[in-house]
Amino acid sequence: MAAPISHVDELDPFLALDLPSGWVRGLLEPLSGSFRSDDPLESALFKTLTGSKPDSAPTSNAVIFTYLAGYDPSIDRPMDGARQLSIKYVAERDAFGVNAAFDEDLAEAAVDARDWLERAMPRVEREMDHRRHFWMALSDIHGLGQQGISNLHEEYESLDSVAAATETELIEIPYVTADLAPEVVTAAEQFDGTVPTAPGDQAADCANDPLVIDISDIRPFSDLFEN
(Lines give C-alpha, C1' and ligand atoms only; values in the text may rest on other atoms or scores of the structure.)
Protein backbone atom coordinates (compact mmCIF):
# COMPACT_ATOMS: atom_id res chain seq x y z
CA MET A 1 0.00 0.00 0.00
CA ALA A 2 1.56 3.30 -1.09
CA ALA A 3 0.87 6.21 1.24
CA PRO A 4 -0.51 9.31 -0.52
CA ILE A 5 1.75 11.68 1.47
CA SER A 6 5.04 11.30 3.26
CA HIS A 7 4.80 10.07 6.84
CA VAL A 8 7.13 9.17 9.68
CA ASP A 9 8.17 5.52 9.73
CA GLU A 10 6.76 5.11 13.24
CA LEU A 11 3.23 5.21 11.78
CA ASP A 12 3.83 2.16 9.57
CA PRO A 13 2.39 -0.37 12.07
CA PHE A 14 -0.92 1.53 12.12
CA LEU A 15 -1.09 1.82 8.34
CA ALA A 16 -0.58 -1.94 8.04
CA LEU A 17 -3.42 -2.90 10.40
CA ASP A 18 -6.47 -4.60 8.90
CA LEU A 19 -9.43 -2.35 9.65
CA PRO A 20 -12.83 -3.61 10.80
CA SER A 21 -15.75 -3.05 8.46
CA GLY A 22 -16.99 0.53 8.34
CA TRP A 23 -13.68 2.13 9.31
CA VAL A 24 -11.39 4.36 7.25
CA ARG A 25 -8.00 5.75 8.13
CA GLY A 26 -6.22 8.88 6.99
CA LEU A 27 -2.87 10.51 7.39
CA LEU A 28 -3.27 13.93 8.96
CA GLU A 29 -2.01 16.50 6.50
CA PRO A 30 0.62 18.60 8.30
CA LEU A 31 1.17 22.31 8.03
CA SER A 32 3.11 23.56 5.03
CA GLY A 33 6.86 23.02 5.07
CA SER A 34 7.61 26.51 3.73
CA PHE A 35 8.55 27.91 7.15
CA ARG A 36 12.07 29.32 7.58
CA SER A 37 13.74 30.50 10.79
CA ASP A 38 17.27 30.77 12.18
CA ASP A 39 15.89 30.40 15.71
CA PRO A 40 16.45 26.77 16.83
CA LEU A 41 13.51 26.96 19.25
CA GLU A 42 11.14 28.09 16.49
CA SER A 43 12.45 25.38 14.19
CA ALA A 44 11.96 22.76 16.90
CA LEU A 45 8.40 23.97 17.50
CA PHE A 46 7.66 23.78 13.79
CA LYS A 47 8.96 20.21 13.64
CA THR A 48 6.82 19.27 16.65
CA LEU A 49 3.68 20.67 15.01
CA THR A 50 4.27 19.34 11.51
CA GLY A 51 6.57 16.35 11.80
CA SER A 52 8.84 18.09 9.27
CA LYS A 53 12.00 20.12 9.29
CA PRO A 54 11.76 23.70 8.01
CA ASP A 55 12.04 23.93 4.21
CA SER A 56 11.41 20.19 3.79
CA ALA A 57 8.45 18.42 2.28
CA PRO A 58 5.72 18.17 4.95
CA THR A 59 5.65 14.81 6.70
CA SER A 60 2.61 13.45 8.50
CA ASN A 61 3.12 12.30 12.07
CA ALA A 62 -0.50 11.40 12.85
CA VAL A 63 -3.07 8.92 11.61
CA ILE A 64 -6.80 9.29 12.18
CA PHE A 65 -9.27 6.38 12.25
CA THR A 66 -12.92 7.23 11.55
CA TYR A 67 -15.99 5.02 11.88
CA LEU A 68 -18.08 5.90 8.82
CA ALA A 69 -20.63 3.08 9.14
CA GLY A 70 -24.07 4.58 9.65
CA TYR A 71 -22.87 8.12 8.98
CA ASP A 72 -25.24 10.39 7.04
CA PRO A 73 -23.71 13.78 6.13
CA SER A 74 -27.18 15.29 5.65
CA ILE A 75 -27.97 14.70 9.34
CA ASP A 76 -24.66 14.70 11.19
CA ARG A 77 -23.18 18.12 10.32
CA PRO A 78 -20.36 18.49 11.13
CA MET A 79 -19.26 14.92 11.74
CA ASP A 80 -19.46 13.92 15.40
CA GLY A 81 -15.93 13.85 16.80
CA ALA A 82 -16.89 10.75 18.78
CA ARG A 83 -16.49 8.82 15.51
CA GLN A 84 -12.75 9.47 15.41
CA LEU A 85 -9.62 8.09 17.03
CA SER A 86 -6.14 9.46 16.46
CA ILE A 87 -2.58 8.32 17.03
CA LYS A 88 0.23 10.87 16.80
CA TYR A 89 3.94 10.11 16.99
CA VAL A 90 5.59 12.52 19.45
CA ALA A 91 9.22 12.59 18.36
CA GLU A 92 10.58 14.42 21.39
CA ARG A 93 9.17 11.68 23.65
CA ASP A 94 9.60 8.80 21.20
CA ALA A 95 6.04 7.87 22.13
CA PHE A 96 2.51 7.99 20.73
CA GLY A 97 -0.24 10.36 21.73
CA VAL A 98 -3.60 8.56 21.55
CA ASN A 99 -6.84 10.48 21.52
CA ALA A 100 -10.57 9.76 21.56
CA ALA A 101 -13.64 11.66 22.70
CA PHE A 102 -13.53 9.55 25.86
CA ASP A 103 -9.78 9.20 26.40
CA GLU A 104 -6.42 10.91 25.93
CA ASP A 105 -3.11 9.33 26.85
CA LEU A 106 0.54 8.80 25.92
CA ALA A 107 1.52 5.29 24.83
CA GLU A 108 5.19 4.50 25.29
CA ALA A 109 5.44 2.05 22.37
CA ALA A 110 3.65 1.26 19.12
CA VAL A 111 2.33 -1.99 20.56
CA ASP A 112 0.71 -0.06 23.42
CA ALA A 113 -0.92 2.37 21.00
CA ARG A 114 -2.17 -0.54 18.89
CA ASP A 115 -3.66 -2.23 21.95
CA TRP A 116 -5.40 1.05 22.86
CA LEU A 117 -6.78 1.32 19.34
CA GLU A 118 -8.13 -2.24 19.41
CA ARG A 119 -9.93 -1.49 22.67
CA ALA A 120 -11.21 1.90 21.55
CA MET A 121 -12.63 0.85 18.18
CA PRO A 122 -15.35 -1.47 19.56
CA ARG A 123 -16.38 1.24 22.03
CA VAL A 124 -16.81 3.77 19.21
CA GLU A 125 -18.77 1.22 17.17
CA ARG A 126 -21.13 0.46 20.06
CA GLU A 127 -21.78 4.11 20.80
CA MET A 128 -22.33 5.15 17.18
CA ASP A 129 -24.51 2.13 16.37
CA HIS A 130 -26.53 2.80 19.53
CA ARG A 131 -27.08 6.42 18.55
CA ARG A 132 -28.12 5.38 15.07
CA HIS A 133 -30.72 2.94 16.41
CA PHE A 134 -32.04 5.64 18.72
CA TRP A 135 -32.38 8.03 15.79
CA MET A 136 -33.98 5.50 13.45
CA ALA A 137 -36.55 4.46 16.04
CA LEU A 138 -37.79 8.01 16.60
CA SER A 139 -37.06 9.84 13.34
CA ASP A 140 -40.48 9.18 11.78
CA ILE A 141 -42.33 10.99 14.56
CA HIS A 142 -43.51 14.19 12.89
CA GLY A 143 -42.79 17.27 14.99
CA LEU A 144 -40.17 15.68 17.26
CA GLY A 145 -37.20 16.67 15.13
CA GLN A 146 -33.49 16.17 15.57
CA GLN A 147 -33.34 18.35 18.68
CA GLY A 148 -36.13 16.43 20.37
CA ILE A 149 -34.42 13.12 19.64
CA SER A 150 -31.12 14.52 20.88
CA ASN A 151 -32.76 15.70 24.10
CA LEU A 152 -34.33 12.28 24.67
CA HIS A 153 -31.01 10.54 24.07
CA GLU A 154 -29.22 12.84 26.47
CA GLU A 155 -31.81 12.16 29.18
CA TYR A 156 -32.56 8.46 28.69
CA GLU A 157 -29.60 7.07 26.69
CA SER A 158 -31.43 3.90 25.62
CA LEU A 159 -34.67 3.03 23.86
CA ASP A 160 -35.55 0.63 26.69
CA SER A 161 -35.43 3.55 29.13
CA VAL A 162 -37.61 5.64 26.83
CA ALA A 163 -40.14 2.81 26.52
CA ALA A 164 -40.25 2.48 30.32
CA ALA A 165 -40.80 6.21 30.89
CA THR A 166 -44.23 7.63 31.64
CA GLU A 167 -45.82 10.18 29.35
CA THR A 168 -45.72 12.67 32.21
CA GLU A 169 -41.94 12.23 32.43
CA LEU A 170 -41.46 12.47 28.68
CA ILE A 171 -43.27 15.80 28.27
CA GLU A 172 -40.71 17.35 30.60
CA ILE A 173 -38.19 16.89 27.78
CA PRO A 174 -38.01 19.94 25.46
CA TYR A 175 -39.77 19.35 22.11
CA VAL A 176 -41.72 16.35 23.46
CA THR A 177 -45.33 17.53 23.64
CA ALA A 178 -48.29 15.76 25.22
CA ASP A 179 -49.40 14.68 21.74
CA LEU A 180 -45.97 13.27 20.87
CA ALA A 181 -45.25 11.42 24.13
CA PRO A 182 -47.44 8.37 23.32
CA GLU A 183 -45.84 8.11 19.88
CA VAL A 184 -42.39 8.22 21.43
CA VAL A 185 -43.20 5.38 23.81
CA THR A 186 -44.76 3.26 21.06
CA ALA A 187 -41.84 3.81 18.67
CA ALA A 188 -39.32 2.86 21.34
CA GLU A 189 -41.28 -0.28 22.27
CA GLN A 190 -41.76 -1.45 18.68
CA PHE A 191 -38.33 -0.76 17.18
CA ASP A 192 -36.89 -4.04 15.90
CA GLY A 193 -33.33 -2.86 15.27
CA THR A 194 -33.60 -2.71 11.49
CA VAL A 195 -31.64 0.18 9.95
CA PRO A 196 -31.18 1.04 6.26
CA THR A 197 -27.81 1.38 4.56
CA ALA A 198 -26.32 4.82 5.18
CA PRO A 199 -24.09 6.86 2.84
CA GLY A 200 -21.17 6.27 5.18
CA ASP A 201 -21.33 2.50 4.68
CA GLN A 202 -20.67 2.78 0.96
CA ALA A 203 -18.13 5.56 1.44
CA ALA A 204 -16.12 3.35 3.81
CA ASP A 205 -16.12 0.52 1.28
CA CYS A 206 -14.92 2.76 -1.55
CA ALA A 207 -12.42 5.00 0.24
CA ASN A 208 -8.78 4.88 -0.80
CA ASP A 209 -6.58 3.71 2.04
CA PRO A 210 -5.10 5.72 3.59
CA LEU A 211 -6.86 9.01 2.92
CA VAL A 212 -5.29 12.43 3.36
CA ILE A 213 -7.13 14.33 6.09
CA ASP A 214 -7.04 18.11 6.27
CA ILE A 215 -8.69 19.02 9.56
CA SER A 216 -8.77 22.70 8.60
CA ASP A 217 -11.50 21.73 6.12
CA ILE A 218 -15.00 22.09 7.56
CA ARG A 219 -16.01 18.77 5.98
CA PRO A 220 -12.78 16.83 5.35
CA PHE A 221 -14.64 13.71 4.15
CA SER A 222 -17.02 15.52 1.80
CA ASP A 223 -15.32 14.19 -1.36
CA LEU A 224 -16.28 10.64 -0.34
CA PHE A 225 -19.97 11.53 -0.66
CA GLU A 226 -19.94 13.53 -3.87
CA ASN A 227 -21.07 10.56 -5.95
Side-chain angles (χ1 to χ4, degrees), residues 1-69 71 78-128 204 207-224:
M1 176 181 61
I5 60 174
S6 178
H7 64 278
V8 297
D9 292 342
E10 287 79 5
L11 295 182
D12 283 343
F14 310 106
L15 297 177
L17 285 174
D18 290 331
L19 296 184
S21 177
W23 285 87
V24 298
R25 84 188 113 203
L27 289 164
L28 182 62
E29 190 170 32
L31 300 173
S32 170
S34 60
F35 172 82
R36 179 188 293 273
S37 175
D38 294 328
D39 187 326
L41 291 178
E42 289 184 352
S43 296
L45 176 60
F46 179 86
K47 184 175 181 180
T48 299
L49 294 173
T50 68
S52 309
K53 296 179 180 179
D55 296 323
S56 68
T59 300
S60 176
N61 62 348
V63 59
I64 294 178
F65 298 85
T66 301
Y67 186 55
L68 283 185
Y71 171 65
M79 180 180 287
D80 191 332
R83 289 186 173 276
Q84 297 185 333
L85 305 168
S86 67
I87 296 177
K88 177 181 179 180
Y89 178 64
V90 185
E92 63 270 23
R93 295 287 299 272
D94 190 25
F96 298 87
V98 296
N99 186 272
F102 51 81
D103 190 25
E104 184 175 1
D105 203 356
L106 189 70
E108 295 298 330
V111 65
D112 300 320
R114 185 199 63 200
D115 290 345
W116 174 87
L117 184 67
E118 292 179 349
R119 293 192 303 271
M121 279 182 160
R123 176 167 174 172
V124 171
E125 292 176 8
R126 287 193 300 269
E127 182 172 343
M128 292 298 102
N208 292 327
D209 184 20
L211 301 165
V212 177
I213 307 300
D214 178 5
I215 59 171
S216 67
D217 189 347
I218 294 176
R219 299 185 65 186
F221 294 93
S222 59
D223 59 312
L224 297 179

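Note that these values count all heavy atoms, side chains included, but never hydrogens, waters or copies made by symmetry.
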- Query: Taking atom CG of D112 and atom CG of D105, what is their separation to the nearest 0.5 Å?
  - Reply: 9.5 Å
- Interatomic distance, L68 atom CG to M79 atom CE [nearest 0.5 angstrom]: 5.0 Å
- Apply side chain to side chain contact (heavy atoms under 4.5 Å, CB included) to D103 and R123, showing your working. CA-CA 11 Å; D103 190 25; R123 176 167 174 172; over 6 Å; no
- Item | Value rounded to 0.5 Å, distance of CG in D209 from CG in L211 | 7.0 Å
- Message: Working to the nearest 0.5 angstrom, can you tell me the gap between M121 CE and R126 CZ?
- Response: 13.5 Å
- Message: Holding to salt bridge (Lys or Arg N to Asp or Glu O under 4.0 Å), I want the full list of residues that pass it with E108, two or more places apart in sequence or in another chain.
- Response: none
- Item | Positive for ring-ring contact (aromatic ring centres under 6.0 Å, His included) with F14, one of F65, W116, F96 | F96
- Sequence neighbours left out, what passes ring-ring contact (aromatic ring centres under 6.0 Å, His included) with W23? Give chain and number order. Y67
- Task: Compare every heavy atom of A101 with every heavy atom of A82, then report the nearest pair and how far apart it is.
- Result: CA-CB, 3.9 Å
- Between I213 and G26, which heavy-atom pair has the shortest distance, and what is it? CG1-CA, 3.7 Å
- Query: Should S86 and I64 count as side-chain neighbours, where that means a heavy-atom distance under 4.5 Å?
  - Reply: yes
- Task: Step through the shown structure and confirm whether more than 12 heavy atoms of other residues, nucleotides or ligands are within 6.0 Å of CG on N208.
- Result: no
- Message: So which atom in A113 and which in A107 form the shortest heavy-atom distance, rounded to 0.1 Å?
- Response: N-CB, 3.6 Å
- Query: For the residue pair V8 and N61, what are the closest heavy atoms and their distance?
  - Reply: CG2-CA, 3.9 Å
- Heavy atoms of I5 and P30 approach each other most closely as CD1-CD, 4.3 Å
- Rounded to the nearest 0.5 Å, how far apart are CZ of R25 and CD of Q84? 15.0 Å
- Message: Any non-hydrogen side-chain atom of L28 less than 4.5 Å from a side-chain atom of K88?
- Response: no
- Is P13 close to R114 at the side-chain level, that is, under 4.5 Å between some pair of heavy atoms? no
- Report yes if some heavy atom in the side chain of H7 is under 4.5 Å from a heavy atom in the side chain of V63; otherwise report no. no
- Query: Is it the case that R83 places NZ or CZ above or below the six-membered ring of Y71, under 6.0 angstrom from the centre and within 45 degrees of the axis?
  - Reply: no
- What do the steps show when you test F102 against V124 for side chain to side chain contact (heavy atoms under 4.5 Å, CB included), and what is the final call? CA-CA 9 Å; F102 51 81; V124 171; 3.9 Å; yes
- To the nearest 0.5 Å, what is the distance between CG (L11) and CG (L27)? 6.5 Å
